[in-house]
Amino acid sequence: MESQVAGGPAGPALPNGPLLGTNGASDDSKTNLIVNYLPQNMTQDEFKSLFGSIGDIESCKLVRDKITGQSLGYGFVNYSDPNDADKAINTLNGLKLQTKTIKVSYARPSSASIRDANLYVSGLPKTMSQKEMEQLFSQYGRIITSRILVDQVTGVSRGVGFIRFDKRIEAEEAIKGLNGQKPLGAAEPITVKFANNPSQKTGQALLTHLYQSSARRYAGPLHHQTQRFRLDNLLNMAYGVKRFSPIAIDGMSGLAGVGLSGGAAGAGWCIFVYNLSPEADESVLWQLFGPFGAVTNVKVIRDFTTNKCKGFGFVTMTNYDEAAMAIASLNGYRLGERVLQVSFKTSKQHKA
DNA sequence: TCATATT
């Protein structure tokens, strides 16, 4: 993560110049851990507290979905002392937390070459074991993880599995070599392709969350036209249907001086979004508001010196009804540990 | 017939 400078009194004298290893990279391979199979509902604070009980933490991060803020079930911990990292592996690896058994291991150095190295395999013989599947794939490289999905009730293989290689090149070679091939003694060929990236799922996950939260917020019989409008549109979005609603939502009375920004270039409805994380960027706003309709502009307000988001931003949408829908759906939406506040921007001139 | 491992 961050460069660490060796300052140990017992270490060899360092030459002048950058206090880095000969390869120019900082060496956190002895202090940086990856933690997998965390319970879905574990928070950053709980994560830090659990691993902080071992020793001083330099930094730690529970990895979450960029858009929905949901935990992705893994995280990183960087200890100040390599001995604490070792201790964390020995004492916390295999710990059972709720339904999960967490895995604690040293993190490989992060690089582009190890990303997108995860394969989805289907059409496997039901009799093939995880070990046999690994043997089949191991000729193409170092396998980091493997799994065969099983029927929840019977425990029998579903013929579907995952293989994560150390390097993406190895995964590519495995696809070339094994996709469409019959394993020894198998009746049918297997399909080998890259597994879905979690980020591809987030659009759908967002819509699901929005639909659920919307359904909760407007719980009750759907006889009111406004409610029907919202739910119809959320369902339409989920199915990718674009259509105009014949039902007009609440009138636009009482909106004088609110939201509507004039000017040829900036015409549209300006929306104020509050409680963004310091890490938020424009893409988050595009992805949050895009599903609701035409978005012409997004802006994250950043601190000039740190370049971190100051906690708020603005989105401009062309159509009133789509902006109103976005506000109704996203106001109060939980993004990670934060609850968004979303409203039409109020004009500053009129404030006391 | 896609669960979750690279900040």
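Numbers restart at 1 for each chain; the letters A, B, ... are given by sequence-line order, proteins then strands.
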Can you tell me how far C1' of B/dT6 sits from CZ of A/Arg168, to the nearest Å?
12 Å
If only side-chain N and O atoms of A/Lys100 are considered, is one of them under 4.0 Å from the OP1 or OP2 phosphate oxygen of B/dT4?
yes
Distance check needed: B/dT7 P versus A/Tyr74 OH, whole Å only.
6 Å
Does a side chain donor of either A/Thr68 or A/Asp65 reach within less than 3.5 Å of an acceptor in the other side chain?
yes
Expressed as a whole number of angstroms, how long is the span from A/Arg64:CZ to B/dT7:P?
15 Å
Counting only heavy atoms not in A/Tyr274, do more than 12 sit closer than 6.0 Å to its OH atom?
no
Parallel, tilted or perpendicular for A/Tyr320 and A/Trp269, by the 30°/60° rule?
perpendicular
A/Glu170 has an atom CD; how far is it from atom C1' of B/dA5, in whole Å?
15 Å
Quick one: is A/Ser122 getting a side-chain N or O under 4.0 Å of the B/dT1 phosphate, OP1 or OP2?
no
Answer yes or no: does a side-chain N or O of A/Asn196 lie under 4.0 Å from OP1 or OP2 of B/dC2?
no
Go through B/dA5, B/dT6, B/dC2 for me and flag the one nearest to the A/Lys193 side chain.
B/dC2
Nucleotide of B/dT1, B/dA5, B/dA3 approaching A/Leu149 most closely (side-chain heavy atoms)
B/dA3
Can you measure A/Ile148 atom CD1 to B/dT1 atom C1' for me and round it to whole angstrom units?
14 Å
Should A/Arg158 be listed as having a side-chain N or O under 4.0 Å from OP1 or OP2 of B/dC2?
yes
Rounded to the Å, how far apart are A/Tyr106 OH and B/dT6 P?
20 Å
Considering only side-chain heavy atoms of A/Lys61, which listed nucleotide, B/dT1, B/dT6, B/dT7, is closest?
B/dT7
Need one value for A/Arg108: base, sugar-phosphate or nothing, where a base atom within 4.0 Å counts as base even if backbone is also close, heavy atoms only.
base
CG of A/Leu62 versus P of B/dA5: gap in Å, rounded?
13 Å
If only side-chain N and O atoms of A/Arg164 are considered, is one of them under 4.0 Å from the OP1 or OP2 phosphate oxygen of B/dA3?
no
Between A/Arg168 and A/Ala112, is there a donor-acceptor pair closer than 3.5 Å when you use the side chain of the first and the backbone of the second?
yes
Closer than 4.0 Å, any side-chain N/O of A/Tyr37 to the OP1 or OP2 of B/dA5?
yes
Determine whether the aromatic ring centres of A/Tyr120 and A/Phe194 lie less than 6.0 Å apart.
no
Rounded to the nearest Å, what distance is computed from the CG atom of residue A/Leu33 to the P atom of nucleotide B/dT6?
16 Å
